[in-house]
Protein chains: 2
Amino acid sequence: MGRPSKALLDLDRITSTALELVDEHGDFSIPQIAKRLGVQTASVYHHVEGRAGIIELLRARLTADIDPAGLELRPWDRAMEAWALSYRAAFAAHPRAVPLLMMAQVAAPEALAHYERAVELLLAVGFPEPVVMPLITALDNLVLGSAIDLAAPESMWAPAPDGSTPLLARALDAVPDGRRADAGFAFALEGFLAHARRTLAEAG
Amino acid sequence: MGRPSKALLDLDRITSTALELVDEHGDFSIPQIAKRLGVQTASVYHHVEGRAGIIELLRARLTADIDPAGLELRPWDRAMEAWALSYRAAFAAHPRAVPLLMMAQVAAPEALAHYERAVELLLAVGFPEPVVMPLITALDNLVLGSAIDLAAPESMWAPAPDGSTPLLARALDAVPDGRRADAGFAFALEGFLAHARRTLAEAG
DNA sequence: ACCTGAACACCGTTCAAGT
DNA sequence: ACCTGAACACCGTTCAAGT
């Protein structure tokens with residue numbers, strides 16, 4: 001066949017197909033992508049830096065939905081809260097992609113820009129420099145930990161069927177189905193923000 | 001050859017070899033395990049439920065190091081803190097195994113027993129039932145998020161080499177090398193515990 | 001530049017055949 | 001019960017050959 005007059009593939013369609021496969025099956029493969037796009041496996045390699053490259057495309061696609069306006073809100077704690085919520089929501093839209101992104105090393109300058117902005121905000125508000133990275137790291141951990149939780153099957157938290165965990169079973173029943181993950185994140189986020197406010201007050 | 005008079009393989013050696021490979025390369029394969037143990041790939045399947053089974057063995061090996069005595073400490077917040085620290089330390093010993101465990105569904109009754117104990121503790125101390133799972137979820141997210149951070153290369157946090165993130169670069173320099181992850185976890189944990197204490201006081 | 005077809009090394013898993 | 005050898009379907013990746 002040789003080169004077609006109009007390209008059969010492009011990054012956008014490759015990314016979308018990969019994301020479809022991940023949403024459906026929790027994983028993707030390059031042959032599967034090629035098959036869905038009616039093309040040979042090798043063709044995909046003309047557009048993308050292998051499997052790792054496709055994972056970076058998925059990361060870019062997901063993180064594009066993080067709202068940069070969140071970090072511009074005032075006061076600073078509202079900004080941090082909005083950022084964390086938007087960050088988490090972006091992952092929540094495609095929970096099964098999360099483990100894939102975790103496995104691979106980050107190579108996205110866009111992500112670093114977010115962090116630079118966050119550092120600037122916290123310094124401007126008066127946080128001592130040595131506190132800034134631990135604080136951002138803590139928030140990041142919280143969001144990522146919660147994202148993993150979204151990806152995990154709810155049944156991971158199912159009480160043992162043999163009835164050996166009765167209290168866990170009751171505690172799970174006490175929180176509306178599907179709300180546990182959100183409520184857990186909300187609790188952790190509130191705790192984080194309150195602690196950050198306290199830290200700033202003591203430093204200021 | 002047929003069956004040897006003494007078994008060449010056992011679960012312990014399979015688990016240890018898998019863990020070695022993960023520590024060295026961030027992943028394992030069954031052929032690699034077989035090769036290190038001087039045995040055919042197919043032999044491994046006589047001992048283990050495939051790759052997923054080996055991942056569960058890794059999970060059991062790591063979580064065996066979580067100290068159950070932590071949850072027996074008093075007061076309750078010291079118990080939760082000790083549990084979280086021990087839980088995280090178990091993962092920190094083999095950070096590259098963390099993403100592997102995240103990918104797979106948990107099938108370990110031992111883990112559930114920990115959670116049952118935690119629920120019991122929080123209820124006994126007076127937390128309202130609907131708060132218990134969000135609280136435990138929050139702590140779990142925190143530990144897992146931090147564990148992922150340990151697995152990630154420190155270079156993930158390296159500032160852009162083009163100097164586009166000067167504040168991030170300075171903030172990173174302000175925290176001792178290799179201490180960022182620990183300090184972030186400590187911050188989040190303190191925030192969580194303080195918020196939990198406040199929640200209990202308001203409920204009680 | 002972009003697609004095909006064929007190739008390579010690797011993987012997970014199964015199974016009949018041996019002791 | 002436990003190991004071997006061979007097989008199967010799948011994977012990621014490369015490359016010469018075509019237009």
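In what follows, chains carry the letters A, B, and so on, assigned in the order in which the sequence lines appear, proteins first and then strands, with residues in each chain numbered from 1.
- Using a cutoff of 4.0 Å between basic side-chain nitrogens and carboxylate oxygens, A:R36 and A:E20 are scored as salt-bridged.
- B:K6 places its NZ atom 11 Å from the P atom of D:dC2, with the value rounded to the nearest Å.
- Pair check for D:dG18 finds C:dC2; Watson-Crick or G-U wobble, both atom distances under 3.5 Å.
- Across the protein-nucleic acid pair, A:I54 atom CD1 and D:dT13 atom C1' stand 12 Å apart, rounded to whole Å.
- Summarising the geometry, the separation between CD on B:E49 and P on C:dT13 is reported as 11 Å, rounded to the nearest angstrom.
- In this structure, A:F192 has its ring center under 6.0 Å from that of B:F187.
- Counting any heavy atom pair closer than 4.0 Å across all strands shown, B:T41 reaches a base atom.
- At whole-Å resolution of the value, CD1 in B:I30 and C1' in C:dC11 are 9 Å apart.
- A:S43 comes within 4.0 angstrom of a base, heavy atoms only.
- The side chain of A:L9 has C:dC3 as its nearest neighbour among D:dT13, D:dC3, C:dC3.
- With a 4.5 Å cut-off on side-chain heavy atoms, A:I54 and A:F28 count as touching.
- Ionic pairing of B:R88 and B:E81 is not present here: no N-O contact between side-chain nitrogen and carboxylate oxygen is shorter than 4.0 angstrom.
- Taking atom CD of B:Q40 as the reference point, atom P of C:dC11 lies 14 Å away to the nearest angstrom.
- In this structure, D:dC8 forms a base pair with C:dG12, meeting either the Watson-Crick or the G-U wobble geometry with both donor-acceptor distances under 3.5 Å.
- Rounded to whole Å, the distance from CZ on A:R3 to P on D:dT19 is 14 Å.
- Using a 4.0 Å heavy-atom distance criterion, A:A42 is classed as a base contact.
- Note: CG (A:D27) to C1' (D:dG12) measures 13 Å, nearest angstrom.
- Where B:P4 and B:Q32 meet DNA chain C, the nucleotide closest to each residue was compared, and B:Q32 sits on the side nearer the 5' end.
- Residue B:R51 contributes atom CZ, which lies 13 Å from atom C1' of C:dC10 at whole-angstrom precision.
- Listed pair A:H47 / C:dC3 meets the phosphate criterion, a side-chain N or O lying under 4.0 Å from OP1 or OP2.
- Taking all atoms of both residues into account, the shortest heavy-atom contact from B:I66 to B:A90 is CG1-CB, 4.0 Å.
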